[in-house]
Amino acid sequence: MNAPLQDLAIAPIVWAIPGLPLIGFVLIMFWGGGLVRTLGDARGRRVVGTLATAVVLLSFVISVFVLLELLRLEPEQRRAVASLVPLMDRMPWIEVGPVSVQFLALVDPLSVLMCLIVTGVGGLIHLYATGYMSHDRDYPRFFAYFNLFIFAMLVLCLGESLLLMFVGWEGVGLCSYLLISFWFDDEENAKAGNKAFIVNRVGDVGFMLGILASLAVFGTLSFHTADGRGILDLAARGETLSGPLTVATASLISALLFLGACGKSAQFPLHIWLPDAMAGPTPVSALIHAATMVTAGVVMVTRMSVLFAQAPVVLLVVAAVGLFTALFAATIALTQTDIKKVLAYSTVSQLGFMFLGCGAGAFGAAMFHVTTHAFFKALLFLGAGSVIHGLSGEQDMRRMGGLGRYMKVTYWTMLIGWAAISGFPGLAGYWSKDAILAFASGIPSIGMFMYAVGAFTAFVTGFYMTRLMAKTFWSAPRLPEDAHHPHESPPSMLLPLIILAALSVVGGLIGTPWGNAFERFLEPVLPGADMLHVHEAIPHGVGLALGALIAIAAMAAGAAAYRRAPSAELLPATVKATQPIYRAAANLWYADAAANAVFVQGGGRFAGFVARWIDKGFVDGLVNAVGVVTAFLAEIARGGQSGYVRFYAKTMIAGALIVLAYALIQAGMR
Amino acid sequence: MSLLENNILSLLIFFPLLGGLIVMFAPASSARGEAQKGVDAGAKAPSSSAAPIAIAAAAVELLLALYAWTLFTPGRPGFQLRFFADWIPDFRIRYDVGVDGMSLLLILLTAFLTLLCVIYSTRVDRRPREYMVFLLVLEAAMMGVFCALDLVLFYVFWELVLIPMYFLIGIWGHERRVYAAVKFFIFTFVGSVLMLVGIVYLFVQTGSFSLTELMTPTAPAGQALAALDARALMWVYAAFALAFMVKVPLFPFHTWLPDAHVEAPTAGSVILAGVLLKMGVYGFIRFCMPLFPQQMAQSAPLFLALCVVGILYGAIVATVQPDMKKLVAYSSVSHLGIVMLGVFSFNELGLSGAIIQSVNHGVSTGMLFFLVGMLYDRRHTREIAAFGGVRRVMPLLSAFFLLAAFSSAALPLTNGFIGEYLVLQGAFLSKTSGPVYAALSALGMVLSATYMLWLFQRAFCGPVKHSEVGLLPDLALREKLVLVPLAVLVLWFGCYPAPWLRMIGAVKPVASARSSVRQAADGVVQAAGGPVQEAAP
């Protein structure tokens with residue numbers, strides 16, 4: 001954990017990884033509209049789309065070079081710092097007293113992995129969006145925001161200090177807001193964007209306080225410094241700025257940071273924004289709200305894993321929150337009819353799995369699931385987008401069905417995504433989910449319970465995904481009469497689907513329990529075995545076999561249920577037995593309603609009360625009362641200003657007499 | 001050139017007066033009646049020779065301020081560009097001016113915002129000459145406030161600021177302008193008159209009006225100050241603090257602010273929020289901190305409580321305002337609470353944050369008031385409900401608004417974040433405030449996003465609900481000229497505040513707080529277990 005910072009030959013161009021998308025953003029923001037006007041609509045759009053995609057893919061290429069450079073070093077030496085500003089060694093951002101933050105990138109296995117995912121999957125989704133958004137009137141604006149998002153996400157992943165990570169963190173929040181409310185002509189979309197940003201801000205308060213506390217405890221915000229006194233350097237040695245790192249301190253900071261992670265990664269109870277975020281265009285849902293941004297919480301927790309490792313209670317909380325969210329969201333996914341909402345709750349659920357992994361101390365397994373999830377969930381969202389595109393905007397699965405005939409590529413790739421997320425043996429999701437569950441079983445004392453609930457959630461996952469497939473592709477067509485003829489999407493949309501499908505098949509092979517290359521790659525950034533004891537209570541073979549069995553059973557059960565009763569929600573008997581539960585789940589377990597009642601309605605009423613009665617009534621009332629009283633006193637005093645000399649003379653004599661009397665009394669008393 | 005160099009601050013103070021004098025005698029407008037009123041914001045301003053002269057004067061003033069900046073040596077402690085001469089020798093009142101990093105920043109902000117206000121106000125069609133004269137007189141008075149190092153001189157400029165502002169609100173304001181102008185005047189005047197009593201008391205006791213003498217512990221005045229009875233000094237401090245906290249304004253003395261803002265013309269609001277409120281902050285740092293350090297420390301619990309209440313209270317009240325200008329005004333109450341939290345943290349981070357946040361608030365809130373003014377010019381209402389769908393109609397204005405809104409909500413890489421982070425970090429490490437105050441204040445992050453985004457949603461998003469909105473033109477050249485520099489500053493301060501922070505670092509209270517930061521951090525770390533050995537590199 002305490003290797004010195006290395007010099008990378010490639011460091012001078014690391015800035016380009018986030019820099020190129022930023023340049024893309026600036027170019028498109030300022031000249032995109034003009035380009036479309038001067039070059040003509042079709043050509044202008046092509047130029048804008050190509051530029052936006054090219055910068056991201058170029059970033060991907062550079063990321064690959066950085067990875068290769070990094071792989072040439074010994075594993076424990078894979079840690080370097082590079083400037084994020086071209087031609088400058090280090091550009092200071094905030095330097096006041098103990099705060100010293102520069103625009104620097106930390107190049108290590110974790111950040112490079114995330115760069116590859118963000119730019120790789122991001123590039124594919126950009127390509128997809130050139131087709132998906134081709135008829136949108138705000139085409140340049142969309143790609144400007146999309147590139148800005150990639151920039152912010154890369155800053156988040158590469159940032160060398162907590163504060164720089166926070167810059168990316170808030171930046172992706174901004175882009176998420178801008179893209180959710182992209183079609184702002186409908187106020188509902190704007191509301192969804194607000195909800196996302198504001199709920200995220202609740203978590204961000206935790207992150208911010210975590211930053212404040214980190215500086216107080218470690219005296220720096222840098223993860224690693226040249227002299228080995230960065231946050232992670234110190235934490236790995238169990239030190240602080242002064243003296244040993246206590247469990248209480250580690251727990252406090254990691255709990256605050258985890259609150260931030262809950263916001264960004266949509267963990268209960270801050271999950272409520274993510275399903276609403278589906279108001280944005282589907283490529284946005286795929287890129288931001290499935291593959292990359294929402295996993296930022298997991299990335300942050302992994303980045304700080306040496307600190308979390310020393311806070312056992314917080315780890316337990318992380319695992320519990322993750323597991324609860326996983327099951328909770330999966331049950332809701334069972335009941336939704338909007339294809340994107342199902343996938344949204346599925347994402348919340350999968351993120352829960354990732355946190356279960358973190359909480360079990362298996363940060364590597366969690367990051368592995370981040371990776372495979374990026375492949376198959378992006379695939380599923382893009383597939384859903386292809387379906388929606390083919391149906392000219394229809395998202396309700398009750399009006400789908402039998403689409404496999406019309407869109408072969410979409411169907412087959414979605415089928416792979418379905419198998420991958422369900423954990424079909426050999427596919428990407430199988431390996432990563434199994435790894436998380438296996439480590440969860442090793443959580444002290446309640447490991448087997450956690451494993452059982454996790455395995456059950458895995459079953460539910462397979463079931464609701466099968467339901468989605470059945471309703472969309474397998475059952476009899478239920479398209480409305482006046483619907484457009486369903487059509488397959490253009491090649492620009494299908495190519496990303498195919499590539500992601502391929503990755504969903506083979507992507508898991510880098511992290512199989514045998515010769516886990518993925519885990520070994522990440523090892524240098526994770527807490528060592530001496531710090532955190534992680535084990536699997538269930539043997540490899542048993543775990544894998546059980547996982548395979550659960551996946552196949554879930555898929556079979558789902559297929560059986562929805563084959564026979566294609567338009568019903570569940571088998572009639574089951575529905576009857578679980579009616580109240582079903583209704584509660586379909587109503588999102590009333591989480592949104594409760595949040596709305598307490599914070600939006602209640603908070604609004606409270607603010608109204610404060611503004612009306614306390615501010616206008618009391619505080620300003622007092623001010624005006626002072627004015628009124630002064631005027632009243634002045635009115636009385638005005639009586640003395642009669643203007644008659646005799647009145648003034650009388651008053652003077654009276655005054656003189658009083659003074660005289662006072663003097664005499666004083667003298668007499670002495 | 002050395003004449004210019006030696007007298008640059010005096011020039012800064014008196015040049016706007018000269019400009020105002022010229023404007024006063026400028027030929028009256030010839031074609032006032034022809035100017036189109038109404039929705040056409042792009043229409044040419046009523047042609048009066050007052051506007052070009054005023055623009056020229058404000059531009060030269062900005063150049064002078066920039067020139068003063070080039071003469072300034074950032075890292076050097078103490079006051080620079082100093083000039084003094086006897087003014088009323090019988091009472092040892094001197095004309096004494098000088099600047100440090102804090103005052104120079106505020107001078108630059110003042111010159112910058114005034115120029116933008118003058119450019120923006122070329123469309124004022126009622127008595128444009130007088131309007132410009134008042135703006136320039138106001139500028140001179142504000143320059144005086146930030147340059148003066150003699151207590152009487154400071155007081156004169158401090159009160160002088162009130163007069164043009166009073167007329168700007170009272171003559172060019174909206175429906176309840178007289179009520180607002182009188183409220184503004186009385187409120188701030190009551191506070192400052194007590195300060196005058198305090199100033200006189202100090203003179204009687206120490207024989208000096210000179211800030212620099214009073215600040216120097218070895219000078220006779222400084223020794224006399226140190227020997228003063230602490231209880232009496234507490235009263236003097238209270239008089240100063242009252243004047244300043246009304247100006248800031250701190251809860252519960254804030255109610256003049258929303259009224260003044262709502263009734264003031266756009267330029268008045270911009271100057272009011274951008275500069276006038278900062279005079280209160282400036283007063284605390286410039287006068288209270290060096291003159292009454294113990295008293296200030298003793299009063300810290302009260303002030304910190306008021307800051308935190310103000311941060312949350314202002315933000316909560318802002319969320320439900322139906323009037324855009326009022327919403328921005330209450331957001332100012334919240335933001336200034338953050339600034340004062342930084343001041344009362346008494347450490348380098350908090351003070352630097354407070355000063356930079358003062359400037360940032362001037363830029364962001366100034367921008368917001370300009371934008372609201374532009375909407376008002378077009379629609380003749382500031383009611384949020386009267387808008388809706390503006391983003392489709394005016395994409396450019398909306399983009400600027402979004403930038404200003406996020407800067408106000410302290411998004412990183414905009415200016416708002418720098419100050420807010422530094423203040424929160426300072427408060428967290430401070431012995432006087434500490435983590436609890438920082439945590440409570442951090443809740444403002446959620447609220448500021450709430451009121452800003454909710455405003456944006458209702459006024460700018462959704463379909464066009466009122467047919468009048470659909471016809472509104474996007475930004476005219478004049479308006480772009482005002483907004484672009486502000487937008488540049490928002491990002492510049494957000495991405496590269498280092499030079500400004502360095503300038504602030506040498507300000508006396510900031511610099512002397514530096515040594516105590518370590519001890520403050522010490523306290524926190526000890527609470528977390530263990531003594532401090534070494535501060536961060």
Side-chain angles (χ1 to χ4, degrees), chain A residues 91-100 163 166-167 169-171 174 177 181 184-187 189-191 193-194 197-198 201-202 204-205 208-209 211-213 215-217 219-220 225 227 229 240-244 246 248-249 252 603-604 606-608 610-611 614-615 619-620 622-623 627, chain B residues 183 186-187 252 254-256 313 316-317 319-321 347-349 352-353 389 391-392 406 411-413 418 421-422 424-425 428-429 435 438-439 442-443 445-446 449-450 453-454 456-457 460-463 495-498 501 505 514 517 521 524-525 528-537:
Chain A
M91 178 173 143
W93 181 36
I94 305 182
E95 283 186 329
V96 182
V99 178
S100 170
L163 204 64
F166 189 73
V167 170
W169 189 268
E170 291 270 284
L174 167 73
Y177 163 81
S181 55
F184 55 77
D185 299 288
D186 184 348
E187 205 171 337
N189 297 342
K191 276 184 195 160
N194 283 2
F197 195 84
I198 293 165
R201 269 273 163 130
V202 175
D204 292 353
V205 170
M208 177 48 90
L209 292 175
I211 292 174
L212 302 182
L215 185 79
V217 170
T220 177
T225 57
D227 58 351
R229 298 195 63 82
T240 62
L241 182 59
S242 51
T246 60
T249 313
L252 176 74
F606 174 70
V610 172
I614 300 192
D615 197 59
V619 182
D620 201 34
L622 269 185
V623 171
Chain B
K183 192 172 182 178
I186 293 180
F187 228 122
H254 65 279
T255 57
W256 64 269
Y313 178 92
I316 288 171
V317 176
T319 49
V320 289
Q321 295 303 318
N347 57 24
E348 187 187 9
L349 287 168
S352 305
R391 203 172 171 189
R392 189 55 77 193
F406 274 110
L411 191 84
L413 299 190
I418 307 292
Y421 165 69
L422 285 175
L424 289 178
Q425 184 75 69
F428 192 97
L429 292 174
L443 293 177
M445 281 171 61
V446 179
T450 306
L453 291 187
W454 198 34
F456 190 77
Q457 172 206 316
F460 290 82
C461 299
C495 296
Y496 191 57
L501 289 172
R514 186 165 303 141
V517 173
V524 176
V525 173
V532 174
Q533 293 141 0
E534 188 67 38

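Every chain is numbered from 1, with letters handed out A, B, ... down the list of sequences. Heavy atoms only: backbone and side chains are in, while hydrogens, waters and symmetry mates are out.
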* Return the option, out of B/L411, B/L501, B/I418, B/L443, with the maximum number of heavy-atom pairs under 4.5 Å with chain A. => B/L411
* To do: Using non-hydrogen atoms and a 4.5 Å limit, figure out which bit of A/L163 sits close to chain B: side chain, backbone, both or neither.
  => side chain
* **Aromatic ring proximity B/F406/A/Y177, centre distance under 6.0 Å** => yes
* Given a strict heavy-atom distance threshold of 4.5 Å, which part of A/L252 is in contact with chain B: side chain, backbone, both, or neither? -> neither
* Asked: Would you say the side chain of A/P98 lies within less than 4.5 Å of the side chain of B/L349, judging by non-hydrogen atoms?
  -> yes
* To do: Identify which part of A/F166 has an atom lying under 4.5 Å from any heavy atom of chain B, answering side chain, backbone, both or neither.
  => both
* To do: Just give me the residue among A/V610, A/I614, A/I211, A/V205 that pairs up with chain B most often, heavy atom to heavy atom, under 4.5 Å.
  => A/V205
* Structure fact -> Most heavy-atom pairs under 4.5 Å with chain A, out of B/F456, B/F460, B/Y421, belong to B/Y421
* Asked: Does any heavy atom of chain A fall under 4.5 Å from the side chain of B/L413, the backbone, both, or neither of them?
  -> both
* Considering only heavy atoms, which portion of B/L422 lies under 4.5 Å from any heavy atom of chain A: side chain, backbone, both, or neither? -> side chain
* To do: Could you tell me which of A/V96, A/L622, A/I94 has the largest number of non-hydrogen atom pairs under 4.5 Å with chain B?
  => A/V96
* To do: Please list, chain by chain and in numerical order, all residues satisfying side chain to side chain donor-acceptor pair (under 3.5 Å) with B/Q321, sequence neighbours excluded.
  => none
* Structure fact -> The interface call for A/E95 against chain B, heavy-atom contacts under 4.5 Å, is backbone
* Approximate separation, where rounding is to 0.5 Å, of B/L424 CG and A/L215 CG -> 12.5 Å
* To do: May I ask you to decide if B/M445's main-chain N or O and A/R201's side chain share a donor-acceptor pair within less than 3.5 Å?
  => yes
* Checking heavy atoms, do the side chain of B/T319, its backbone, both or neither come under 4.5 Å from chain A? -> side chain
* Asked: Measuring heavy-atom distances to chain B, does A/D204 have an atom under 4.5 Å in its side chain, in its backbone, in both, or in neither?
  -> both
* Structure fact -> Value for CD (A/E187) from CD (B/Q457), rounded to nearest 0.5 Å, stands at 4.5 Å
* Asked: What heavy-atom pair brings A/L241 and A/G219 nearest, and what distance separates the two atoms?
  -> CD2-CA, 3.9 Å
* Under 4.5 Å heavy-atom distance to chain B, tell me which part of A/V619 shows up: side chain, backbone, both or neither. => both
* To do: Taking side chain to side chain donor-acceptor pair (under 3.5 Å) as the test, write out the residues that go with A/D615, two or more places apart.
  => B/H254, B/Y313, B/Y330
* Asked: Under the 3.5 angstrom rule, does the side chain of A/T246 hit a backbone N or O of A/T249 as a donor-acceptor pair?
  -> yes
* A/D620 versus chain B, heavy atoms under 4.5 Å apart: side chain, backbone, both or neither? -> both
